[in-house]
Peer 1: 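Below is the structure I would like to discuss, written out as structure tokens.
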There are 2 protein chains.
Amino acid sequence: MRLLIADDHGLVRDALSSHIERQAPGAVVVGAASVDEAVVALRQDKAIDLLILDLRMPGMNGLDGLQRVRTEFPLLKVALMSGLARPDEIRGAFTRGAVGFLPKTLSATELLSAIQTMLAGERFIPADVNTADTADGASFTRREREVLDYLLQGRSNKEIARSLELEEVTVKLHVRGICRKLGAKNRTQAVMRAVEMGIAS
Amino acid sequence: MRLLIADDHGLVRDALSSHIERQAPGAVVVGAASVDEAVVALRQDKAIDLLILDLRMPGMNGLDGLQRVRTEFPLLKVALMSGLARPDEIRGAFTRGAVGFLPKTLSATELLSAIQTMLAGERFIPADVNTADTADGASFTRREREVLDYLLQGRSNKEIARSLELEEVTVKLHVRGICRKLGAKNRTQAVMRAVEMGIAS
DNA sequence: GGTTGCTCTATCCAAAAGGATAGACCAATA
DNA sequence: TATTGGTCTATCCTTTTGGATAGAGCAACC
């Protein structure tokens, strides 16, 4: 079993590899501090079974880093790891071919069994991550959903109106509807609620 | 040697303790997921030699958590640990009596020697902490960081002013500073940038 | 037919946010 | 000593946002 852990925190990297190598005899863990380093390591070492990619690190740029790795090494198993991830990121990781998502709240023993699961060819999705769409909570109308997309980019009512070919008043109407449904006092709070609830697409 | 590691990421906690216990025979490492849990553990276990506190975790609230621990356990050695190391926070940690600052970019062996150093009664200050000012993207001042925390809750300038006992104008000043540093046009865009960059914790 | 929900627009108004400029204090530093 | 950076405040001003109220078109449904 050969693992490559890509995380810009040397401490996390070393501690993880040390732990895994102790708990799983025969395991070899290699480290990388960026996506670039990971790619170099993968080119040199064709025997790597699983790559664990930190979501927030140099070269990741959202899920671009995952995309890059998947494009160059389409057969490689890749798992994402993150302390704080938005549900849309988790969904995006799986649609881009990741075999697992590892929140850092996982215990070390859970991590080991997750690695076993993924090496066995299964996907690992922890129970507490919310990958669900908007089934729960607020239900938006078509327009509200569109406006919310722009809100999540921090656009002003005027900009949204121009983009959707509406009057500014109408945009305000939908913004108010969104805030009401999310229990938010203003657009900024609405955006944060949306992120927390994983509505952010 | 008894260590208490307070970090809300179970993975980091377990991996670190596993590593330390292997490298330093006789060491006992206890974990806590929040400042509250750490305080409870410290009350029960009077033999703890060193507390390692993650800077970004529930109950920390800047350096308040450190202050709390120092007030209740003035003789305890406390080291801070953090992924992003900003000079003002590091200085603040030392003025509040911390015996060391551990950036997560440290290697695991460096960590072990840092622990030895601190247990021997010396302070541990990594070499690169003063130069690593604007390493990755935005570096906020103390006030900006406080204001950003409220921005991330969708609070208005007036509310923030009341909470921080400032005038509204001053809050606006800091909000503008935050937006400038994040390249955001307004507060909503600023919070989204912060979320995307993983500054929101 | 009538009702309901989504849509769009309009006209008000008040509050909040954003921006510019300027003065002042203090601590650290060159 | 002079300077710089962070902090706080003030006075202007414009733009944006939020909120209320009201009217109208349209499609789905009972």
Side-chain angles (χ1 to χ4, degrees), chain A residues 134 137-194 199, chain B residues 62-63 84-96 125 129-135 138-194:
Chain A
T134 342
S139 83
F140 295 107
T141 66
R142 191 188 104 256
R143 274 307 203 196
E144 283 170 347
R145 196 170 278 276
E146 287 174 347
V147 171
L148 179 56
D149 282 343
Y150 287 97
L151 275 192
L152 288 165
Q153 296 168 32
R155 317 289 289 276
S156 73
N157 292 338
K158 192 175 292 188
E159 290 173 319
I160 300 173
R162 201 159 358 103
S163 297
L164 293 178
E165 294 184 314
L166 293 175
E167 289 305 310
E168 204 179 321
V169 222
T170 312
V171 176
K172 285 177 165 190
L173 178 80
H174 295 308
V175 170
R176 251 179 299 153
I178 292 167
C179 286
R180 187 172 36 78
K181 290 181 179 175
L182 288 175
K185 263 191 56 192
N186 53 50
R187 63 211 287 120
T188 306
Q189 214 167 77
V191 161
M192 283 309 287
R193 284 263 207 289
I199 302 169
Chain B
L63 290 166
L84 25 98
R86 284 203 315 285
D88 60 308
E89 285 173 323
I90 298 173
R91 275 196 294 275
F94 284 112
T95 59
R96 282 171 181 76
I125 307 167
V129 293
N130 287 329
T131 56
D133 199 344
T134 327
S139 86
F140 295 107
T141 66
R142 191 188 104 255
R143 274 306 203 200
E144 285 171 346
R145 167 46 75 170
E146 287 174 346
V147 171
L148 178 57
D149 283 342
Y150 287 99
L151 276 192
L152 287 165
Q153 297 166 33
R155 317 288 291 277
S156 71
N157 292 338
K158 192 175 292 187
E159 290 172 320
I160 300 173
R162 204 162 350 106
S163 298
L164 294 178
E165 293 184 315
L166 293 175
E167 290 305 310
E168 202 179 323
V169 225
T170 311
V171 176
K172 284 179 168 188
L173 179 79
H174 295 307
V175 170
R176 250 179 300 151
I178 291 167
C179 286
R180 188 172 35 78
K181 289 180 179 176
L182 288 175
K185 262 191 56 188
N186 53 50
R187 62 212 288 118
T188 306
Q189 214 166 78
V191 304
M192 281 309 287
R193 285 266 205 289

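Chain naming here is simple, since letters A, B, ... match the order of the sequence lines and numbering starts at 1 in each.
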Peer 1: Do the side chain of B/Q189 and the main chain of A/Q153 share a donor and acceptor less than 3.5 angstrom apart?
Peer 2: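 Yes, B/Q189 side chain to A/Q153 backbone: donor-acceptor pair under 3.5 Å.
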Peer 1: May I ask you to say what A/T141 touches in the nucleic acid, namely base, sugar-phosphate or nothing, with a heavy-atom cut-off under 4.0 Å?
Peer 2: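 Sugar-phosphate contact only - A/T141 comes under 4.0 Å of backbone atoms but never of a base.
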Peer 1: With no hydrogens and no angle check, is any side-chain donor or acceptor of B/R187 less than 3.5 Å from a backbone partner on B/V175?
Peer 2: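 No; zero donor-acceptor contacts below 3.5 Å.
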Peer 1: Kindly say if B/R142 contacts the phosphate of D/dG6, meaning a side-chain N or O under 4.0 Å from OP1 or OP2.
Peer 2: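 The answer is no; no side-chain N or O of B/R142 sits under 4.0 Å from OP1 or OP2.
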Peer 1: I need the A/I160 CD1 to A/L166 CG distance, nearest 0.5 Å.
Peer 2: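 Reported to 0.5 Å precision, the distance equals 10.0 Å.
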Peer 1: Starting from the 5' end of DNA chain D, give me the residue, B/N186 or B/E144, whose nearest nucleotide shows up first.
Peer 2: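 Comparing both residues, the 5'-ward one is B/E144.
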Peer 1: Is any side-chain N of the basic residue among B/E159 and B/R162 closer than 4.0 Å to the acidic one's carboxylate O?
Peer 2: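 A salt bridge is absent here (no side-chain N lies under 4.0 Å from a carboxylate O).
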Peer 1: Within this structure, what is the CZ-to-P distance between B/R155 and C/dA17, rounded to whole angstrom?
Peer 2: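 About 12 Å, once rounded to whole Å.
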Peer 1: Would you classify B/S156 as touching base, sugar-phosphate or nothing, given that sugar-phosphate means primed atoms plus P, OP1 and OP2, and contacts are heavy atoms under 4.0 Å?
Peer 2: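 Sugar-phosphate contact only - B/S156 comes under 4.0 Å of backbone atoms but never of a base.
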Peer 1: Are B/N157 and C/dA16 close enough that a side-chain N or O sits under 4.0 Å from OP1 or OP2?
Peer 2: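 For C/dA16, neither OP1 nor OP2 has a side-chain N or O of B/N157 closer than 4.0 Å.
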Peer 1: If you check the B/H174 side chain, which of C/dG19, C/dA16, D/dC8 turns out closest?
Peer 2: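 It is D/dC8.
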Peer 1: Counting any heavy atom closer than 4.0 Å, what does B/L166 reach on the DNA or RNA strands: base, sugar-phosphate only, or nothing?
Peer 2: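 Result for B/L166 = sugar-phosphate.
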Peer 1: Looking only at side-chain atoms of A/K172, point me to the closest of C/dT11, D/dG19, C/dC8.
Peer 2: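 Of the options given, the side chain of A/K172 lies nearest D/dG19.
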Peer 1: Classify the nucleic acid contact of B/R176 as base, sugar-phosphate or nothing, counting any heavy atom under 4.0 Å across all strands shown.
Peer 2: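 Base, at least one base atom sits under 4.0 Å.
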Peer 1: Nearest to the B/T170 side chain among D/dT9, D/dT16, C/dG18, which nucleotide is it?
Peer 2: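 From the listed options, D/dT9 comes nearest.
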Peer 1: For A/R143, answer base if it contacts any base atom (sugar-phosphate contacts may also be present), sugar-phosphate if it contacts only those atoms, and nothing otherwise; contact means non-hydrogen atoms under 4.0 Å.
Peer 2: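 Sugar-phosphate: the residue A/R143, judged by heavy atoms under 4.0 Å, touches backbone atoms but no base.
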Peer 1: For the pair made of CZ in A/R145 and C1' in C/dT7, what is the distance, rounded to whole Å?
Peer 2: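 In whole Å, C/dT7 C1' lies 17 Å from A/R145 CZ.
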